[in-house]
Amino acid sequence: LQSKKRYYWQVRVKDNHGNTSAWSEPGLFQMGIAPADWTAKWITVAGKDSSARSPLFRKEFSLQKKVKSAIAYITAKGLYEANINGQRVSDTYFAPGWTSYKDHLQYQVYDVTTALKSGANVLGVSLGNGWYKGRIGFGNQHNFYGDTRGLLMQVEVEYTDGTKQTKNTDESWKYTYGPIMASDIYDGEIYDARMEIAGWNNTGFKEDAAWISVGTMEKGTEKLVAMSGPPVRKHEQFKALKVFKTPAGETVVDFGQNLVGWVMLKAKGAAGTKIILSHAEVLTKEGNFYTVNLRSAKAQDTYILKENTEQVFEPHFTFQGFRYVKVEGYPGELKTEDLTAVAVYSDMETTGKFSTSNAMLNQLQHNIQWGQKGNFVDVPTDCPQRDERLGWTGDAEAFANSAAYNMDVAGFFTKWLKDVKTDQQPNGLIPHVIPNVLGPNDGASAGWADVSTIIPWDMYVAYGDRRILETQYESMQKWVGYISSVAKNNLWNSGFHFGDWLFYRPNDDNDGRAAVTDKYLIAQTFYAHSTQLLINAAKVLGKQDDVAKYTALLAEIKAAFVKEYMTPTGRLVSGTQTAYVLALNFDMLPEELRAPCAERLVANIRDYGNHLTTGFLGTPYLCHVLTRFGHNNVAYDLLMQESYPSWLYPVKMGATTIWERWDGIKPDGSFQTPDMNSYNHYAYGAIGDWMYRTIAGINSVADQPGYKSIVIAPKPG
């Protein structure tokens with residue numbers, strides 16, 4: 001396959017009765033650009049890139065012949081928005097996307113044939129800080145990947161007579177600063193319409209004589225790679241439900257849905273009028289605007305009006321997680337028609353819908369889907385609103401199966417897993433967050449780092465593409481090798497672990513009701529699970545020596561678990577739901593003790609009044625284990641439980657997404673610990689996997705992945 005070349009394809013299908021379908025309509029793909037074919041130069045501002053403002057880059061050129069085709073290859077250090085002759089080249093946002101920039105940087109390819117015209121044409125691009133240079137991670141980090149925004153753009157034109165012409169970023173480009181005065185993922189955007197430069201990205205603009213000649217950058221050491229995941233696009237739009245005054249006198253707008261994206265605002269007023277939009281997920285029990293849970297993230301978009309004409313504003317290089325917006329400084333009366341909320345997320349096709357006769361279950365499914373939409377913005381983030389928004393591995397592995405039922409996430413996770421592999425340390429350690437913006441040794445937590453084995457296998461089962469196993473196998477093997485290297489006598493009983501994160505922990509626990517599960521017991525079960533998944537992958541890939549090697553290791557891991565964490569009658573050192581769920585789900589126990597242990601699990605659930613007490617690691621498997629061992633009625637009791645802690649408790653409290661904590665809002669309307677209390681966190685949405693598999697009963701046969709064989713066997717409550 002040749003660099004930049006277009007390839008057409010068709011497909012037909014044969015069934016097991018010898019029938020063959022007609023050929024499909026022709027499809028098309030275009031190859032990426034080989035490293036040697038880049039002729040463009042990296043350009044940036046002159047001198048130090050120290051301004052918070054977004055630079056505008058511009059180049060006018062002429063085409064003298066009729067254009068047959070034109071392809072633009074673009075990437076940036078930071079985020080870019082590209083125009084040709086005043087029109088955006090694409091309807092996508094946050095390009096080039098977030099990857100482990102130190103290793104590889106994506107570029108995008110656009111067909112711009114119809115955007116060009118004979119005669120004069122203009123390329124115009126604005127840059128934002130984004131994840132590259134803006135604030136990211138903890139500790140107020142700036143310039144994590146680099147301190148200089150840059151642009152690389154190459155437009156290749158083919159004329160109808162067969163001749164070609166290329167227009168590149170180089171020293172002949174010019175720049176100035178535009179109306180985006182500051183832009184940051186966490187803090188939002190400041191836009192001063194008085195600083196707009198009319199016509200800057202179109203032909204006939206003469207004022208660029210006063211613009212500054214660009215600086216150039218050395219070609220980076222990072223690899224330029226073609227974009228592999230789905231782009232981020234605008235999706236649903238929400239009209240404001242109501243504008244109201246809070247008891248504190250704030251003007252607040254309710255959009256009725258906790259979403260991720262931004263607000264489009266219409267306004268008209270005197271030049272210099274400053275309008276501030278602040279974003280929040282919830283109101284206090286008194287009905288006031290609440291942003292304490294955003295921590296240091298300002299999450300504000302500020303618009304400064306130009307002369308007295310109606311303007312429509314929306315941000316360019318930031319996104320917010322919100323249901324409510326506080327509006328300050330709006331000239332005149334604010335009406336619902338002046339604001340529209342826009343949901344923004346990776347462009348994944350909906351593949352599953354789930355509805356029942358129960359309105360609360362339907363709302364739970366709605367919340368699961370919106371948790372996925374809001375946190376699948378190029379990488380699977382833990383939360384979309386506070387000063388975090390990171391690719392936490394534990395959340396992603398817990399939710400991957402549910403995600404694959406709701407949407408086509410094959411490309412989304414394939415792209416992200418490349419960074420899991422890239423950011424893995426040489427010794428096999430997997431970081432807590434991907435891309436890793438924490439320290440090099442912030443990783444190796446059981447149930448988090450196991451994302452490196454769990455998601456590749458889950459995606460293989462869901463989509464039947466063995467290439468994901470081929471690509472990730474070395475990473476899977478290195479992770480299991482890391483655990484083995486730190487284990488003693490086949491026990492993984494050292495290192496930092498998050499454990500069963502956010503398990504049930506009542507405030508004044510004097511009688512041992514908190515469901516604390518031994519972290520090393522948990523680690524041992526995930527050691528076994530990752531080893532089992534490695535065996536599974538080795539079988540698919542025909543690596544028989546590895547199958548034998550890791551099968552022997554698995555037996556030793558399980559024997560060590562039984563010796564260390566189980567009494568002869570099957571009691572575990574932690575008598576929690578999570579301990580029994582993980583031990584049963586990962587087959588850690590001797591066959592004859594499994595059913596009695598499942599009974600102990602049921603007794604524990606009954607003892608807590610038919611409530612779950614599990615956290616991030618126990619919850620995804622809880623109902624699966626109950627169903628597997630013949631206690632489907634108990635699984636339904638948990639699912640239908642409406643009081644805290646339960647899946648339906650947040651629904652009763654008005655949630656429109658999944659919460660980080662089971663009691664993010666307490667029954668009296670007060671809030672959980674504010675510095676870690678997100679109202680859009682998808683991890684507990686992992687119950688969606690059980691709902692599809694058990695209530696709807698849709699399952700792929702394990703040894704025939706990608707739904708080559710489907711079993712539909714609903715198990716209603």
Side-chain angles (χ1 to χ4, degrees), residues 52-54 79 81 88 91 93-94 126 128 178-198 232-246 249-283 289-291 294 297-345 374 377 384-385 656:
R53 297 176 66 179
S54 282
L79 302 176
E81 192 175 286
R88 281 178 60 109
D91 62 353
Y93 292 85
F94 307 131
S126 59
I180 300 175
M181 309 305 285
S183 190
D184 184 87
I185 299 279
Y186 294 166
D187 294 331
E189 197 158 288
I190 301 172
Y191 186 95
D192 190 341
R194 298 171 301 176
M195 306 300 290
E196 289 176 347
I197 304 169
V232 175
R233 288 194 167 97
K234 290 180 177 179
H235 295 277
E236 297 90 343
Q237 296 194 1
F238 294 84
K239 291 294 181 187
L241 292 183
K242 60 180 179 177
V243 178
F244 62 96
K245 287 281 188 186
T246 69
E250 306 148 316
T251 300
V252 173
V253 183
D254 180 7
F255 290 99
Q257 172 64 47
N258 195 10
L259 68 126
V260 173
W262 53 71
V263 171
M264 292 195 298
L265 175 73
K266 281 193 299 190
K268 179 180 180 181
T273 302
K274 182 187 286 189
I275 305 168
I276 301 174
L277 304 184
S278 303
H279 301 77
E281 298 181 290
V282 293
L283 303 176
F289 198 68
Y290 181 78
T291 58
L294 304 186
K298 290 179 187 168
Q300 284 184 338
D301 295 325
T302 301
Y303 300 117
I304 301 169
L305 303 187
K306 59 184 178 184
E307 67 280 357
N308 204 19
T309 58
E310 183 169 272
Q311 298 147 69
V312 178
F313 296 102
E314 58 183 318
H316 302 77
F317 300 123
T318 190
F319 60 89
Q320 317 296 353
F322 65 98
R323 171 176 170 171
Y324 301 96
V325 171
K326 180 173 71 174
V327 183
E328 298 171 275
Y330 192 84
E333 182 189 355
L334 183 66
K335 298 176 181 162
T336 54
E337 56 263 33
D338 296 325
L339 306 101
T340 304
V342 183
V344 176
Y345 51 88
V377 180
Q385 73 296 85
T656 61

Quick one: do Val260 and Tyr345 satisfy side-chain contact (heavy atoms from CB on, under 4.5 Å)? Show the steps, please.
CA-CA 8 Å; Val260 173; Tyr345 51 88; over 6 Å; no
Test side-chain contact (heavy atoms from CB on, under 4.5 Å) applied to Thr340 and Lys239, step by step:
CA-CA 5 Å; Thr340 304; Lys239 291 294 181 187; 3.3 Å; yes
Derivation and outcome, side-chain contact (heavy atoms from CB on, under 4.5 Å), residues Leu334 and Val253
CA-CA 9 Å; Leu334 183 66; Val253 183; 3.9 Å; yes
Check against side-chain contact (heavy atoms from CB on, under 4.5 Å), Phe255 and Val263:
CA-CA 10 Å; Phe255 290 99; Val263 171; 3.8 Å; yes
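The CG atom of Leu259 sits 11.0 Å away from atom CD of Gln237, with the distance rounded to the nearest 0.5 Å.
Counting only distance, with no hydrogens or angles, the side chain of Gln320 and the backbone of Thr318 share no donor-acceptor pair below 3.5 Å. Distance alone, capped at 3.5 Å, is enough to place a donor-acceptor pair between the Arg53 side chain and the Gly178 backbone. At distances below 3.5 Å, at least one donor-acceptor pair connects side-chain atoms of Gln257 with backbone N or O atoms of Thr656. Using a distance-only test at 3.5 Å, with no hydrogens or angles considered, no donor-acceptor pair links the side chain of Asp301 to the main chain of Leu277. With hydrogens and angles ignored, the 3.5 Å screen pairs no side-chain donor or acceptor of Thr291 with any backbone N or O of Ala280.
For Glu250, the side-chain hydrogen bond (donor to acceptor under 3.5 Å, both in side chains) criterion is met by Thr246, not counting sequence neighbours. Evaluation of the salt bridge (Lys or Arg N to Asp or Glu O under 4.0 Å) rule for Arg233 yields Asp91, Asp347 as partners, not counting sequence neighbours.
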Only pairs under 3.5 Å count here: list side-chain donor-acceptor contacts from residues 189-196, not counting sequence neighbours, and write none if there are none.
residue, atom, partner, partner atom, Å
Glu189, OE1, Ser183, OG, 2.7
Glu189, OE1, His316, N, 3.2
Glu189, OE1, Phe317, N, 2.9
Glu189, OE2, His316, N, 2.9
Glu189, OE2, His316, ND1, 2.9
Tyr191, OH, Glu196, OE2, 2.6
Asp192, OD1, Arg194, N, 3.0
Asp192, OD1, Arg194, NE, 3.0
Asp192, OD2, Arg194, NE, 3.4
Asp192, OD2, Arg194, NH2, 2.9
Glu196, OE1, Lys306, NZ, 2.7

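In this structure, Lys234 places its NZ atom where more than 12 heavy-atom neighbours from other residues, nucleotides or ligands lie under 6.0 Å away.
Between Lys245 and Thr251, the side chains place a donor N or O and an acceptor N or O closer than 3.5 Å (distance only, hydrogens not considered).
A ring-centre distance under 6.0 Å is not found for Tyr93 and Phe319.
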